[in-house]
Structures are given as C-alpha cells and as structure tokens.
Trainee: 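Following this message is one structure expressed as structure tokens.
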Amino acid sequence: MSPSSFHRYVALGDSFTEGYGDPDPDRPNGLRGWADRVAEVLGSRQDARGEDFGYANLAIRGRKMDAVLAEQLGPALALEPDLVTVYAGANDILRPRVDLDALVARYDAALGDLAATGARLLVFTAFDPGGSATYKMLRGRFALYNELVRESADRHGADIVDFWRLREYRDWRLWDDDRMHMGPAGHQRMAIEVLDVLGVEHDLQPLSLRELTVLARREQLREHAAWVRTSAAPWVHRRLTGRSSGDTVEPRHPTLGRVVAPERQPSI
C-alpha cells in the first residue's frame, strides 16, 4: 500500500505504544509518544491533499500479550484500518517464566488476522538490553523473541522496525528516568524510524540531548537508590500483588480522530 493512501491508522500495544515517558499534559493520559508523532505527520500529509485521516491508539501500559490481543485486536479490526502498528510481549518477557514459542504463536495468529484485512502492518522487535545492568540477564530471551517475531513478520508480509539493531538506544539520554520507557528523544527517534520504514517523507529531526554529566561514585549510588525507590520497587510490588500500572487506564484514542503537532496547533 502506498504511504500516500493511509487514511485510518490504528496502533496497538502496551506502554511503548501508549507513549509512556513522553509527557504532554494537554493530551489524553498526559502523553504524546511516537505513535502520536507518526499520526501527526500522516495527518498533515492528508491535509495537504484535502483528504480525510483518522488515528486510534488502543495501547495501555502494563498489558501482557494475551491482554493486548483480547482487548485490542477486535476493536482494531472493527475500525477497518489501512495501517496498523503493533508491539506486544515485552511485559511477558520480564516475567520469571514465559514460553516464548507459545507466546509468539498467539501473536502470529493475531498478525495473520490483521494482515488478512489488507492493511499495511508494521511490528517491532524488542530492544537489546545488553547495555543495561538491570535487564542484560534476560538478553537471551529478548533475542529469541525477536527472531520469532522476524519469522512471523516475514510470514505475513509485515514491515518491521528492528529495535534490537538501533544501537543509539544504548544512550540512556533517549530513555525516561525510570530506565524502562523511552523519553521524548527516544519517542521522536522511534517515530522517525517508523516513518522511514513505511517510506513516508517527513521533516522530523532527532531531539537535542542533554549534556552528559559524569557523576562521582557517591552521586551514582544516590541516583541508583532513588531509582530503586521510585521506579524499581513499585514495579516489583505490582508484580507481587498481581496488579498493573494500567489497571485504571483507558485507551488514549479509542476511536479514529485527529492529533496535531504542537507547533501546528492553532493559537487561541
């Protein structure tokens, strides 16, 4: 499908697609994210042609694979999209035990349903945690998941953003302070990659990164302790109690609509 013909874009997934880590108080759930940034570009292109465009984002933070498929696949199909992006599975990989073959088999079936509609389908691999002291022990899981996803993408003719190979994400300035989600610069970089993979012309540029600060050992320990207290410990507590950060969260854009880039918003 030609990039110029995208009229109905639907995004599915978890916090990655919801836009967590990219705050915008004027948007639903107080977030913007890479999917909004992509939709802004697609919408502006259709505006220039005098054509309609709609965007829905069904993603909810904390959702595991089965919840994403159970809650979002049906509504996505009902919206009759001509472009779908989907990323799911990261929250499963981080659990103590996971059957990756069975997990991606269920994912593959859902991708088959989406591909059968004729929509342009784009999926993602997971990032490479090799540079993370926290997640690098799970690197083998991430690598296996990614290879299974690549096979599924090939089988269904889906485009793929190979997050694993985007080495600039080894720079923690692209990430939120919680070290789990991309920050604004990371979401902007991901939007650029998605548009490039789709072959959509755009003028997005990487955001400026803050200067690197070399911390003394004591400051590093203090910063790490703050991260454990504010991010890691609450995450572990939710897992132990069977709760999710998305338990009370609704989809940001449940129906097809428009989003406008901040610099293009009309003044009031």
Trainee: Roughly how far, to the nearest 0.5 Å, is the CZ atom of Phe6 from the CG atom of Leu83?
Mentor: 4.5 Å
Trainee: To the closest 0.5 Å, what do you measure between OG1 (Thr17) and CD (Gln72)?
Mentor: 8.5 Å
Trainee: Does one side chain, of Asp52 or Gln46, offer a donor that lies under 3.5 Å from an acceptor on the other?
Mentor: no
Trainee: When you compare the side chains of Asp22 and Tyr20, does any donor N or O come within less than 3.5 Å of an acceptor on the partner?
Mentor: no
Trainee: As a quick check of understanding, evaluate side chain to side chain contact (heavy atoms under 4.5 Å, CB included) for Val98 and Arg141, giving each step before the final call.
Mentor: CA-CA 9 Å; Val98 58; Arg141 279 191 186 181; 3.7 Å; yes
Trainee: Membership question, hydrophobic clusters at under 4.5 Å side-chain separation (ILVMFWY): are Trp164 and Trp172 in the same one?
Mentor: yes
Trainee: Do Leu73 and Leu114 have side chains that get closer than 4.5 Å, going by heavy atoms?
Mentor: yes
Trainee: Could you work out, with side chain to side chain donor-acceptor pair (under 3.5 Å) as the rule, every residue matching Arg252, not counting sequence neighbours?
Mentor: Asp36
Trainee: What closest approach, in Å, do Met182 and Trp175 show between heavy atoms, and which atom pair accounts for it?
Mentor: N-CE3, 3.7 Å
Trainee: State whether the number of non-hydrogen atoms from other residues, nucleotides or ligands found under 6.0 Å of Glu168 atom CD is greater than 12.
Mentor: yes
Trainee: Between Asn57 and Tyr55, is any pair of side-chain heavy atoms under 4.5 Å apart?
Mentor: yes
Trainee: Kindly state each residue pair satisfying side-chain hydrogen bond (donor to acceptor under 3.5 Å, both in side chains) with at least one member in residues 100-114, sequence neighbours excluded.
Mentor: Asp66-Arg106, Asp108-Ser152, Asp108-Arg155, Asp108-His156
Trainee: Ile60 and Glu250: side chain to side chain contact (heavy atoms under 4.5 Å, CB included), yes or no, with the steps?
Mentor: CA-CA 7 Å; Ile60 296 179; Glu250 297 294 328; 5.7 Å; no
Trainee: Salt bridge or not between Glu51 and Arg8? Use side-chain N to carboxylate O under 4.0 Å.
Mentor: no
Trainee: If only atom types and distance count, is the side chain of Asn91 paired as donor or acceptor with the main-chain N or O of Asp14 below 3.5 Å?
Mentor: no
Trainee: Given 3.5 Å as the limit, does a donor-acceptor pair link the side chain of Gln188 with the main chain of Gln205, or not?
Mentor: yes
Trainee: Does Glu147 come within less than 4.0 Å of Arg150, counting only side-chain N to carboxylate O?
Mentor: yes
Trainee: Could you state the interatomic distance from OH (Tyr135) to CZ (Phe142), rounded to the nearest 0.5 Å?
Mentor: 8.0 Å
Trainee: Give every residue pair that meets the ring-ring contact (aromatic ring centres under 6.0 Å, His included) criterion with at least one member in residues 58-86, sequence neighbours excluded.
Mentor: none
Trainee: Nearest 0.5 angstrom please: Leu79 CG to Leu58 CG, how far?
Mentor: 6.5 Å
Trainee: Among all residues two or more places apart in sequence or in another chain, which pass the side chain to side chain donor-acceptor pair (under 3.5 Å) test with Ser15?
Mentor: His181
Trainee: Please set out all donor-acceptor pairs under 3.5 angstrom arising from side-chain atoms of residues 191-199, sequence neighbours excluded.
Mentor:
from   : atom 1 : to     : atom 2 : distance (Å)
Glu193 : OE1    : Arg189 : NH1    : 3.1
Glu193 : OE1    : Arg189 : NH2    : 3.1
Asp196 : OD1    : His202 : NE2    : 2.8

Trainee: With a 4.5 Å cut-off on side-chain heavy-atom distances among I, L, V, M, F, W and Y, is there a chain of contacts connecting Val10 to Leu31?
Mentor: no
Trainee: Test Arg120 against Val84 for side chain to side chain contact (heavy atoms under 4.5 Å, CB included), laying out the working first.
Mentor: CA-CA 6 Å; Arg120 183 87 173 263; Val84 178; over 6 Å; no
Trainee: Honestly curious: do Leu204 and Val38 fall in one hydrophobic cluster under the side-chain, below-4.5 Å linking rule?
Mentor: yes
Trainee: Flag the pair Val161 / Thr125 as yes when at least one side-chain heavy-atom distance between them is below 4.5 Å, and no otherwise.
Mentor: no
Trainee: Going by heavy atoms in the side chains, are Leu69 and Met65 under 4.5 Å from each other?
Mentor: yes
Trainee: Could you check if a side-chain atom of His253 sits within less than 4.5 angstrom of a side-chain atom of Val259, using non-hydrogen atoms only?
Mentor: yes
Trainee: Strictly distance-based, threshold 3.5 Å: is any side-chain N or O of Ser44 a donor or acceptor partner for the main-chain N or O of Val41?
Mentor: yes
Trainee: Suppose we screen for side chain to side chain contact (heavy atoms under 4.5 Å, CB included). Which residues come up paired with Arg170, at least two apart in sequence or across chains?
Mentor: Asp128, Arg139, Arg167
Trainee: Is there a donor-acceptor contact under 3.5 Å from the side chain of Trp34 to the main chain of Glu18?
Mentor: no
Trainee: Contact between Tyr169 and Phe127 at the side-chain level, heavy atoms closer than 4.5 Å - yes or no?
Mentor: no
Trainee: Does any part of the side chain of Val68, heavy atoms only, come nearer than 4.5 Å to the side chain of Tyr87, both counted from C-beta?
Mentor: no
Trainee: Calculate, to the nearest 0.5 Å, the distance between atoms CG and CG belonging to Leu144 and Leu138 respectively.
Mentor: 12.5 Å
Trainee: With a 4.5 Å heavy-atom cut-off, do Arg32 and Pro262 have their side chains touching?
Mentor: yes
Trainee: For a quick check under 3.5 Å, do Tyr9 and Thr85 share a side-chain donor-acceptor pair by atom type?
Mentor: yes
Trainee: Do you reckon Leu103 sits in the same ILVMFWY cluster as Val149, going by side-chain contacts under 4.5 Å, direct or chained?
Mentor: yes
Trainee: To the nearest 0.5 Å, how far apart are CD1 in Ile160 and CG in Leu122?
Mentor: 8.0 Å
Trainee: Mind listing the closest non-hydrogen atom pair of Ala76 and Pro81 along with its distance?
Mentor: O-CD, 3.1 Å
Trainee: Could Arg63 and Asp92 be called an ion pair, given the rule that one side-chain N must be under 4.0 Å from one carboxylate O?
Mentor: no
